[in-house]
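So the structure is just underneath, and the comments pick up after that.
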Amino acid sequence: MPEHGSGLRIAQATDEEVHSGYVGRQLREFNYGFVGEYPETQPVRLNARDADGQVMGGVRAYVFLYWLHIDVLWVEESARGQGLGSQLLSQAEARAVELGARNAKLETFEWQARGFYLKHGYEEFARIDRYAGDFYLAFMKKRLG
C-alpha cells in the first residue's frame, strides 16, 4: 500500500488485528467522553425451526448504544403470511429491550418488507433513491418499550 506524507502506510488489517478488537476499543473510549460509558455490542440472533429442525426464518441483529440494529429478518417463502416474521421481530425487539435498547433501526429495499415494518410501528425517516437499479433503500426506525 502507498505511503502517505507522514510516512504512515495503510494496509489491510490482519485477522489477528481484527479479532483483537483494538480499533473498536479505541473508538469506544473516545465515544465515552461524549455519551458516557455504554455496554459493548450485544448480538441478537434468533432462528425459527420446523418440526424437522429446518430453519424457516431468522433474525440477525445487535444492540449498540441502546439501539437495536436489525441487519437481517428472513422467513422462508413457504412460511410467509403466517405470522412468523411478526413473532421473530417481536422477540428480537423484546430481547433488545432486555439488553437496554430504547429504539430500533433497519434498512429495507422497497421490494422487501417496508410495508411489514410500517405495520409493526416503524416509520421511514430517509431513503436513497435508485440504490439498486430503480429501487430505493428505506431507512426505518421505531421507539421500543
Side-chain angles (χ1 to χ4, degrees), residues 1 4 8-145:
M1 294 273 179
H4 294 272
L8 298 174
R9 65 181 186 85
I10 298 174
Q12 185 73 29
T14 67
D15 288 342
E16 294 79 24
E17 289 170 330
V18 171
H19 291 295
S20 78
Y22 177 77
V23 171
R25 279 194 312 278
Q26 296 310 304
L27 179 58
R28 192 169 50 252
E29 290 291 330
F30 174 79
N31 291 345
Y32 288 166
F34 293 90
V35 297
E37 289 194 31
Y38 51 86
E40 289 192 33
T41 301
Q42 298 293 317
V44 176
R45 300 176 185 133
L46 304 172
N47 281 345
R49 297 180 186 277
D50 66 12
D52 297 324
Q54 180 69 36
V55 175
M56 300 302 287
V59 174
R60 300 299 181 265
Y62 61 93
V63 174
F64 173 71
L65 267 175
Y66 309 107
W67 279 78
L68 171 64
H69 300 255
I70 299 173
D71 286 330
V72 175
L73 190 155
W74 168 80
V75 174
E76 172 67 43
E77 193 167 347
S78 65
R80 292 179 190 159
Q82 302 171 38
L84 179 56
S86 296
Q87 290 175 352
L88 285 164
L89 181 60
S90 176
Q91 287 188 31
E93 290 173 348
R95 177 69 182 129
V97 169
E98 291 172 5
L99 293 171
R102 300 179 199 120
N103 300 285
K105 74 163 192 78
L106 57 91
E107 301 168 9
T108 188
F109 286 105
E110 68 180 282
W111 74 81
Q112 290 177 325
R114 182 180 174 274
F116 168 82
Y117 292 114
L118 288 170
K119 284 190 256 181
H120 287 87
Y122 286 77
E123 64 177 287
E124 183 179 318
F125 66 89
R127 74 169 54 167
I128 300 174
D129 292 321
R130 300 180 55 80
Y131 191 94
D134 288 333
F135 298 104
Y136 65 80
L137 179 67
F139 295 82
M140 305 184 82
K141 66 180 178 176
K142 176 183 177 178
R143 180 95 178 126
L144 298 177

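Quick caveat: nothing in here was measured; it's all calculated off a predicted structure. FYI, the numbering just counts along the sequence from 1. Atoms considered below: every heavy atom in the structure, side chains included; atoms not considered: hydrogens, waters and symmetry mates.
- Taking every heavy atom of both residues into account, Arg60 and Leu46 meet most closely at NH1-O, 3.1 Å.
- Expressed to the nearest 0.5 Å, how far NE2 of His69 lies from CG of Leu65 amounts to 7.0 Å.
- The closest donor-acceptor contact from the side chain of Glu110 to the backbone of Tyr136 lies under 3.5 Å.
- For Phe30, the CZ atom counts as loosely surrounded, since its 6.0 Å shell holds 12 or fewer non-hydrogen atoms of other residues, nucleotides or ligands.
- In this structure, Gln26 places its CD atom where more than 12 heavy-atom neighbours from other residues, nucleotides or ligands lie under 6.0 Å away.
- A donor-acceptor pair is defined here as one N or O able to donate and one able to accept, closer than 3.5 Å; no such pair exists between the side chain of Asp52 and the backbone of Gln54.
- No more than 12 heavy atoms of other residues, nucleotides or ligands sit less than 6.0 Å from atom CZ of Arg45.
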- Message: Could you walk me through whether Val72 and Val59 satisfy the side-chain contact (heavy atoms from CB on, under 4.5 Å) test, starting with their C-alpha distance in whole Å, then the side-chain angles of each, then the deciding distance to 0.1 Å, before giving a yes or no?
- Response: CA-CA 5 Å; Val72 175; Val59 174; over 6 Å; no

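- The environment of Tyr38 atom OH is dense: over 12 non-hydrogen atoms of other residues, nucleotides or ligands sit within 6.0 angstrom.
- In this structure, the side chains of Tyr131 and Asp129 stay at 4.5 Å or more apart for every pair of heavy atoms.
- Residues His120 and Ser90 fail the side-chain proximity criterion, which asks for heavy atoms closer than 4.5 Å.
- Closest of all the heavy-atom pairs between Gly145 and Val97 is N-CG2, 4.4 Å.
- Atoms CG and CG, on Asn103 and Leu68 in that order, are 9.5 Å from each other to the nearest 0.5 Å.
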- Message: What verdict does the side-chain contact (heavy atoms from CB on, under 4.5 Å) test give for Phe116 and Arg80, after you've listed the backbone C-alpha separation in whole Å, the side-chain angles of each residue and the deciding distance to 0.1 Å?
- Response: CA-CA 11 Å; Phe116 168 82; Arg80 292 179 190 159; over 6 Å; no

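- Taking NZ of Lys105 as the start and CH2 of Trp67 as the end, the distance is 8.5 Å to the nearest 0.5 Å.
- Proximity of a side-chain donor or acceptor of Gln91 to a complementary backbone N or O of Leu88 within less than 3.5 Å is not detected.
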- side-chain contact (heavy atoms from CB on, under 4.5 Å) between Arg49 and Met56, worked out: CA-CA 5 Å; Arg49 297 180 186 277; Met56 300 302 287; over 6 Å; no

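- Within the structure, every pair that satisfies the salt bridge (charged side-chain N to carboxylate O under 4.0 Å, His left out) test and touches residues 135-144, not counting sequence neighbours, is listed here: Glu93-Lys142.
- Side chain of Thr108 to backbone of Ala138: no donor-acceptor contact under 3.5 angstrom is found.
- The aromatic rings of Phe109 and Trp111 lie parallel to each other, with less than 30° between the two planes, well short of the 60° mark.
- More than 12 heavy atoms of other residues, nucleotides or ligands shown are found within 6.0 angstrom of OH on Tyr32.
- Between Lys119 atom NZ and Leu89 atom CG the span is 12.0 Å, to the nearest 0.5 Å.
- Listed here is the closest heavy atom pair of Arg127 and Arg114: NH2-NE, 4.0 Å.
- In this structure, Glu37 CD and Asn31 CG are separated by 11.5 Å, a value rounded to the nearest 0.5 Å.
- Between Tyr122 and Leu106, some side-chain heavy-atom pair lies under the 4.5 Å cut-off.
- Residues Phe64 and Pro39 fail the side-chain proximity criterion, which asks for heavy atoms closer than 4.5 Å.
- A distance of 5.0 Å separates CD in Glu107 from CG in Leu137, rounded to the nearest 0.5 Å.
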